[in-house]
Amino acid sequence: MSPSVSCLCLHGRSTSLVLELPPGEAPIWRYWGPGLKGQVPHALRDARPLPSFMLDFDQPLTLVPSFGVGWFGQSALLAHRQGQAFAQAFTQCEAHWEQPEQAVRVVLTDPVAQIELTVYLRMDPHSDVLTMRSALRNLGQSPLDVQWLASGTLLLPGQVVGVRSYAGQHNHEFLLQTDRLSRSMWRRESRRGRTSHDCFPGAVVTTEGSTDSSGLVYGAHLAWSGNHQQTIEWLHDAQYQWQLGEWLAPGEGLLAAGATLQTPELVASCSMQGLNGLAANFHAELRSRLKWPGGQMRPRPVHLNTWEGFYFDVYPEKVKALATAAAGVGVERFVLDDGWFHGRHHDRAALGDWWPDETKFPQGLGDLVAHVNDLGMEFGLWFEPEMINPDSDLYRAHPDWALQLAGRPLITARNQLVLDISRPEVSDYLFGKIDALLSAQPIRYIKWDHNRDLTTAGLHDGTAGYRAQVHAAYALFDRIRKAHPEVEIESCSGGGGRIDFAVLRHTHRVWTSDCIDAMSRVAIQRGFLQFFPPEIMGAHVGSARAHTTGRTQSMAFRAAVALPGHLGVELDARILSEADAAELKACIQMYKKLRDHLHHGQVWLGSLADGIVWQAHGEADANGNAADVLLLVYRTQPTHHRYTPRLPLPMLDADAQYRIHQLLPEGVVLPTGAHNTAPFFDALNTADGVVIDGGWLRHSGLPLPRMQAETAFIVGMKRV
Ligand code: GLA
């Protein structure tokens, strides 16, 4: 037995990660899970008898499993030099602590393949979030062709059983997909050149018996807005490895002598408090990444977005009247969506010509911006900088600026092509146009769209440009933000096609989905909240009949579903009935009162059988209990029960008492007996509310009213 085991241990608040450091090898994965203290008891190989008919030298999973010298599973690296050096083994390893027990840089060298791989690991002591990334340097004299370089390889324990990932499509992002883990490989890939609607780059891995609020779960996400790949693979010791990284198009990983390939970041965490504990960890990490103008998040202003109200028909008189109506119901930021720029009257032309349309705005946008500002609202503007329509002045002048491949047809999507923004003259042009508008008017917000997948994404020299495009987009965001630090940016991509932790280093809100049907949104938003906090979740009240689904919902339900996110309105507020306008105004007032509470602290999600889902927002104390909770209960389906089941609330403190009030928009008074005459619900609407034991609420549950389908019940619960 080895006398003492040399290890790297990283500790979070309540989780730990352990890598063993055998001499002359890459670090061996030993552990990732609930916090561990004390000595590592033995070297892994000392307690791992060799199986029959195997290599005589045991090869466990390392931090960078690599092909060709004894590892048979998925490799963290696939590379060669014109067919040579196809096998790699790291025989030199140095670990440099950047912060003891929290951040370490592991430098691995393979002198034979002539490569150096640096893996950066950081465990956040507060959020339990592990970030990893890798950098591969070509130490040789000839080019190295890298086909795959994982951002990181994670070890999952043998007790994991399932994986929750997100599929989807335009109008339905974050479609939950659950798979059972087995000896077959689990793999998801996206080659669409953006984060994508249909394959969110991340997943959650569950253990037997884990629930929304208890049990061990693991999560990982690739912070990257381009192509990606993840695999979970069963290992012969009944554990699993999980790799995430950028999917490189052929040639994109070609490294010249001396050059370095940097991966995107991998963001991972595990929690013993189930899916909600994991979500809290990711929310904390994301919040630490957001760079707000002025250094701090302001209360999230209520938006009005012109898209579903007017589409391309944004003539100034109408738009001004809409702004007036919006201000009347309490809107704080008015966003002029598509349709405002030169020649843009439909989606077949004009992308690229970023100056005000002469027929709509002959004097420019100044008058409209002033009108909006005079009403006390900020002004925001829509752009889709990375795109170009063949029918545009820009394309006529520079047809070569579009990504394209010689000898292949130009493939349009929504009638548009993608600009090669990695070319300095292209990004200079875009910066110049956007900068001119932002400099001329007090425009404080950009909705930045990206409405198609990448195809024939060839750069000027005919090589693949997917990766270059993502880096160039990040650089353009930064350049604009540097020139206009007061401006906030929303990441949109046909709704939620570009929602990830990397784009959110540069932006402040995402457009969650083009579908604002409140019923569809319930599911979409719940998927979103697994990784992202509510304050960046664009959530709009649309018109009664949803444009994307044709379903109709009440104002109260539409508002209740949008309420916990970053609230907006997306309808023609000029033509609302008096009653609807009053109700919308009251809901907006309610949001303004609640937004500080909703947008800090933790979010707990849960469901009851019988068509009820719920979410609660509040700060958790050191024991994970919440003192002051806002609870939103949605009934999505008609009941199949004669009596509504009670709702147990696991985040409440069993040793405390809670005073409970129903929360209603101002002016909305429930008629006595509205809840089928049960006095409990009438009492919730009195000044004293109802006081109940936390233990009772936690274990037996809160009584719920009889609710019709597509209605919400909102209560505040304060520890007394
Ligand atoms: C995308 C966005 C919409 C809207 C339109 C405008 O579909 O997701 O919100 O901005 O583009 O063309």
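Along the sequence shown, the residues carry numbers beginning at 1. Remember, it's 1-based here, ligands and their atoms both numbered in the order they're listed. Keep in mind that this is a model prediction, so the values were computed, not measured. Values below: all heavy atoms of this structure, side chains included; hydrogens, waters and symmetry mates excluded.
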Is it true that, when you exclude Q363 itself, more than 12 heavy atoms of the residues, nucleotides or ligands shown sit nearer than 6.0 Å to its CD?
no

Full working for side-chain contact (heavy atoms from CB on, under 4.5 Å) between R526 and Q615
CA-CA 9 Å; R526 293 172 86 72; Q615 75 190 61; 4.1 Å; yes

Under the side-chain contact (heavy atoms from CB on, under 4.5 Å) test against L454, which residue among L403, V470, L417 passes?
L403

Between H506 and Y474, is the ring pair (Phe, Tyr, Trp, His ring centres under 6.0 Å) condition met? List the steps.
CA-CA 7 Å; H506 312 276; Y474 294 158; 4.8 Å; yes

Does the distance from a Lys or Arg side-chain N to an Asp or Glu carboxylate O, for D435 and R479, drop under 4.0 Å?
no

What are the atom names and distances for all N or O pairs under 3.5 Å between ligand 1 and the protein?
| from | atom 1 | to | atom 2 | distance (Å) |
| --- | --- | --- | --- | --- |
| ligand 1 | 7 (O) | D514 | OD2 | 2.8 |
| ligand 1 | 8 (O) | G495 | N | 2.9 |
| ligand 1 | 8 (O) | D514 | OD1 | 2.5 |
| ligand 1 | 8 (O) | D514 | OD2 | 3.1 |
| ligand 1 | 9 (O) | K447 | NZ | 2.7 |
| ligand 1 | 9 (O) | W511 | NE1 | 3.4 |
| ligand 1 | 9 (O) | D514 | OD1 | 3.2 |
| ligand 1 | 10 (O) | D337 | OD1 | 2.6 |
| ligand 1 | 10 (O) | D337 | OD2 | 3.2 |
| ligand 1 | 10 (O) | W382 | NE1 | 3.0 |
| ligand 1 | 10 (O) | K447 | NZ | 3.0 |
| ligand 1 | 10 (O) | D449 | OD2 | 3.3 |
| ligand 1 | 11 (O) | D449 | OD2 | 3.0 |
| ligand 1 | 11 (O) | N451 | ND2 | 3.1 |
| ligand 1 | 12 (O) | D338 | OD2 | 2.6 |
| ligand 1 | 12 (O) | R414 | NH1 | 2.9 |
| ligand 1 | 12 (O) | R414 | NH2 | 3.0 |

Could I get the full list of side chain to side chain donor-acceptor pair (under 3.5 Å) partners for E570, not counting sequence neighbours?
H540

